[in-house]
Amino acid sequence: MELNKIHNENCFDTMAKMKDNFIDLTVTSPPYDNLRKYKGYSFDFESVAKELYRTTKEGGVVVWNVSDSTDKGSESGSSFKQALFFMECGFKLHDTMIWIKDGGGAVGSNKCYTQNFEYMFVFAKGTINTFNLIYDKPNKSFGKDKSGVGRRTKEGEHKIEKRKPSKEFSRRNNYWYIAPQAGEHPAVFPDKLARDHILSWSNEGDLIYDPFMGSGTTAKMAKLNNRNYIGSEISKEYCDIAEKRLDNAVITYN
């Protein structure tokens, strides 16, 4: 199957060409709950989840970015239903992460707080193979002597412990503040969000897939970070947008 290409077709047609245990990492944001119109396209979620399980390598990961619509005062709960179905397919729910739309937000109902986040479910097929966790959270105890009174001995006396100095940065939290990104597509996947997941759950040379490629963010960030990619996108217009972004792929954020 040709790599480093966005296929202008339904994702089922693309995945039908894939052998079992083919993909290292999927990073995608599907057209959930009809919150936006994507050229009239809707999708069969359960069939997509089953095919992703078949085509994902043992130890591979699927990052599924979703949210819920609000109708007549009730959120749909689709996010949770989808997470549970992925687990029924055989995936493990490795991490429930939150994307906080720093600088953006939409009101679901005037009777509740402003909605400003989406779920990023991280599913693993079996025992996860790759986890290059990002350490960029400043450590408050960096440079401080952490030696001091420790646990009591069996005799009841306190032990004086000599601890190693703290590292400058600690592991990032699983809620990420990332601003929404504008573009020609109605819901551009932010470059930084896709990049940080690609760096976290894959290695250079791995194969990254997006069954709902949209404006091409997953492919762009795979290319810029020395990964291979395959995309599926049913809209020819969106494929053209994605190809243009790939041709001009540069990092546009800090």
Side-chain angles (χ1 to χ4, degrees), residues 1-11 13-15 17-18 22-32 35-41 43 52 55 61-67 97 99-106 118 120 122 130 132 134 136 172 176-254:
M1 184 175 187
E2 186 176 355
L3 303 184
N4 301 315
K5 178 178 179 180
I6 298 174
H7 300 263
N8 183 199
E9 61 188 12
N10 190 299
C11 62
D13 296 328
T14 308
M15 287 191 281
K17 304 169 194 171
M18 298 179 183
F22 185 66
I23 304 163
D24 293 290
L25 169 65
T26 294
V27 178
T28 193
S29 183
Y32 45 80
L35 289 175
R36 292 184 176 87
K37 295 186 182 298
Y38 298 91
K39 303 300 177 185
Y41 178 65
F43 75 108
L52 285 175
T55 55
V61 166
V62 171
V63 176
W64 191 257
N65 171 222
V66 285
S67 187
M97 300 181 64
W99 167 27
I100 301 175
K101 299 178 180 180
D102 192 21
E118 295 185 8
M120 301 185 294
V122 180
T130 303
N132 305 312
I134 299 171
D136 62 358
R172 181 186 290 188
W176 294 357
Y177 289 86
I178 298 175
Q181 188 169 320
E184 297 178 68
H185 187 273
V188 175
F189 208 33
D191 286 358
K192 190 174 189 301
L193 187 150
R195 185 207 66 167
D196 288 357
H197 277 301
I198 288 170
L199 293 178
S200 296
W201 316 115
S202 72
N203 296 314
E204 291 191 6
D206 281 353
L207 177 59
I208 316 300
Y209 179 53
D210 189 342
F212 308 101
M213 184 58 81
S215 64
T217 298
T218 299
K220 173 185 173 182
M221 301 320 295
K223 177 181 177 180
L224 287 175
N225 290 281
N226 302 314
R227 274 72 167 169
N228 295 301
Y229 66 85
I230 294 177
S232 304
E233 176 50 55
I234 202 166
S235 164
K236 178 64 167 63
E237 179 184 343
Y238 295 161
C239 281
D240 291 342
I241 293 171
E243 291 296 344
K244 183 167 65 175
R245 291 184 74 205
L246 279 167
D247 289 342
N248 301 300
V250 293
I251 296 176
T252 56
Y253 55 87
N254 295 323

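- For the atom pair CG of Leu199 and NZ of Lys192, the computed distance is 9.5 Å after rounding to the nearest 0.5 Å.
- The two residues Cys239 and Ile6 make their nearest non-hydrogen contact at SG-CG2, 4.0 Å.
- Of all heavy-atom pairs spanning Ile230 and Met213, the tightest one is O-CE, 4.1 Å.
- With sequence neighbours left out, the side-chain contact (heavy atoms from CB on, under 4.5 Å) criterion links Glu2 to Lys5.
- Summarising the geometry, atom CG belonging to Asn4 is positioned 9.0 Å from atom CG belonging to Leu246; distances are rounded to the nearest 0.5 Å.
- Nearest heavy atoms, Val122 versus Val63: CG2-CG2, 4.4 Å.
- Across Thr14 and Ser232, no two heavy atoms sit closer than the pair OG1-OG, 2.8 Å.
- The two atoms that bring Ala222 and Asn228 nearest to each other are CB-O, 4.2 Å, heavy atoms only.
- Under the side-chain contact (heavy atoms from CB on, under 4.5 Å) criterion, Asp136 pairs with Ile134, Arg172, sequence neighbours left out.
- Counting only distance, with no hydrogens or angles, the side chain of Thr217 and the backbone of Phe189 share a donor-acceptor pair below 3.5 Å.
- No side-chain donor-acceptor contact under 3.5 Å links Thr130 to the backbone of Asn203.
- Between atom NE2 of residue His7 and atom CD1 of residue Ile234 there is a gap of 14.5 Å, rounded to the nearest 0.5 Å.
- Looking at Asn8, its side chain does come within 3.5 Å of a backbone N or O of Glu233 through a donor-acceptor pair.
- A distance of 8.0 Å separates OG of Ser215 from CG of Asp191, quoted to the nearest 0.5 Å.
- For the atom pair CG of Asp247 and CZ of Arg245, the computed distance is 12.0 Å after rounding to the nearest 0.5 Å.
- For the pair Asp24 (side chain) and Ile208 (backbone), a donor-acceptor distance under 3.5 Å is absent.
- If you take CG on Leu207 and CE on Met1, they are separated by 8.5 Å, rounding to the nearest 0.5 Å.
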So Asp240 and Lys236, salt bridge (Lys or Arg N to Asp or Glu O under 4.0 Å) or not? Walk me through it. CA-CA 6 Å; Asp240 291 342; Lys236 178 64 167 63; 2.7 Å; yes
Could you go through Tyr209 and Thr28, starting from their C-alpha distance and side-chain angles, then the distance that decides it, and tell me whether this counts as side-chain hydrogen bond (donor to acceptor under 3.5 Å, both in side chains)? CA-CA 8 Å; Tyr209 179 53; Thr28 193; over 6 Å; no
Evaluate Tyr229 against Asp210 for side chain to side chain contact (heavy atoms under 4.5 Å, CB included), listing each step before the verdict. CA-CA 8 Å; Tyr229 66 85; Asp210 189 342; over 6 Å; no
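- Minimum heavy-atom separation, Leu25 to Ile198: CD2-CA, 3.8 Å.
- A donor-acceptor contact shorter than 3.5 Å is absent between the side chain of Trp176 and the backbone of Leu193.
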